[in-house]
Amino acid sequence: MKTVFYNSKIAEFFTPVSGFKTIMLFGFVFTEKKSLGMAVLSHENIHQKQYAECVGIGLCIAFLCTIIFHALWIWALPFTLYYILYLIEYLVHLVRLRNGTKAYYAISFEREAYDLMGECYNGPSIRRSRKSLGWIRYLTSQSYQTP
């Protein structure tokens, strides 16, 4: 399955901020560029895994809510949970830091992706592997650096 779309108008629409040319939406990567380097592909692949984990969590929540509350509308949650968590965390950091760029880099999903994106250059024997739900660890950690 093709998961990266190059020269994408979707990327142009969703990345109006200067310096950002690539975005992961619903498990697919869209970029304005003609090609992407290994580190950027690694970064976006981490976002794809994070999204898949959030879909899984959302499916569990939706299933339970359907059984308990008979709430069929909740089935939109699995596909939007990643973005709900992302937005909430961004807004919390924006209020706390009073700076949009710093708030973006403080988001746990971004912190994990930036932290591990360079691992693609390391040999298999020293490469750190991504742990399932690893982004949760970044929620509790207060230290971060802007790449």
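Note that the structure is predicted; figures quoted are calculated from it, not measured. What you see below is based on every heavy atom in this structure, not just the backbone, and it leaves out hydrogens, waters and symmetry mates.
With values rounded to the nearest 0.5 angstrom, Tyr6 atom OH is found 9.0 Å from Thr22 atom OG1. Note that CG of Leu25 and OH of Tyr82 are 9.5 Å apart. Values are rounded to the nearest 0.5 Å. Ile107 contributes atom CD1, which lies 8.5 Å from atom CG of Leu87 (distance to the nearest 0.5 angstrom). We find the CG-CD distance between Asp115 and Glu112 to be 8.0 Å, quoted to the nearest 0.5 Å. Taken to the nearest 0.5 Å, the CZ atom of Arg130 stands 9.0 Å off from the CG atom of Asn45. Within the model, atoms CG of Leu81 and CD of Gln50 stand 12.0 Å from one another, a figure rounded to the nearest 0.5 Å.
Grouping the Ile, Leu, Val, Met, Phe, Trp and Tyr side chains by contacts below 4.5 angstrom, directly or via other members, places Tyr105 apart from Leu116. In the hydrophobic cluster analysis, where Ile, Leu, Val, Met, Phe, Trp and Tyr join through side-chain heavy atoms closer than 4.5 angstrom, Ile61 is grouped apart from Phe69. Hydrophobic clustering of Ile, Leu, Val, Met, Phe, Trp and Tyr side chains at less than 4.5 Å, counting indirect connections, keeps Trp75 apart from Leu64. Hydrophobic clustering places Trp73 together with Leu77 (ILVMFWY residues linked when any side-chain heavy atoms are closer than 4.5 Å, directly or through intermediates). Phe63 and Ile68 are members of different hydrophobic clusters when ILVMFWY side chains are connected at heavy-atom separations under 4.5 Å.
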Dump the intermediate steps for side-chain hydrogen bond (donor to acceptor under 3.5 Å, both in side chains) on Tyr86 and Glu110, then the final yes or no.
CA-CA 9 Å; Tyr86 196 104; Glu110 293 300 338; 2.6 Å; yes
Quick one, Val4 with Phe30, criterion side chain to side chain contact (heavy atoms under 4.5 Å, CB included). Give me CA distance, side-chain angles, the key distance, then yes/no.
CA-CA 6 Å; Val4 180; Phe30 299 92; over 6 Å; no
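Relative ring orientation between Tyr104 and Tyr114 is described as perpendicular, the plane-to-plane angle rising above 60° on a 0-90° scale split at 30° and 60°.
When only modelled atom types and interatomic distance are considered, His47 and Glu44 share no side-chain donor-acceptor pair under 3.5 Å.
Taking each heavy atom of Glu53 and Ser132 in turn, the nearest pair found is OE2-CA, 3.4 Å.
Inter-residue side-chain proximity for Ser8 and Phe28 is flagged as unmet; no heavy-atom pair is nearer than 4.5 Å. When side chains are defined from C-beta on, Ile46 does not count as touching Trp135, because their heavy atoms never get closer than 4.5 Å.
Comment: Arg111 does not engage Glu89 in a salt bridge, judged by the lack of any side-chain N to carboxylate O separation of less than 4.0 angstrom.
Under the 3.5 Å distance criterion, the side-chain polar atoms of Thr31 are matched with a main-chain donor or acceptor of Lys21. Checked by atom type and distance alone, the side chain of Ser42 never pairs as donor or acceptor with a backbone atom of Met38 at under 3.5 Å.
Counted within 6.0 Å of OH on Tyr83, heavy atoms from surrounding residues, nucleotides or ligands total more than 12; the atom is thus considered enclosed. Atom CZ of Phe20 sits in a crowded spot, with more than 12 heavy atoms from other residues, nucleotides or ligands closer than 6.0 Å.
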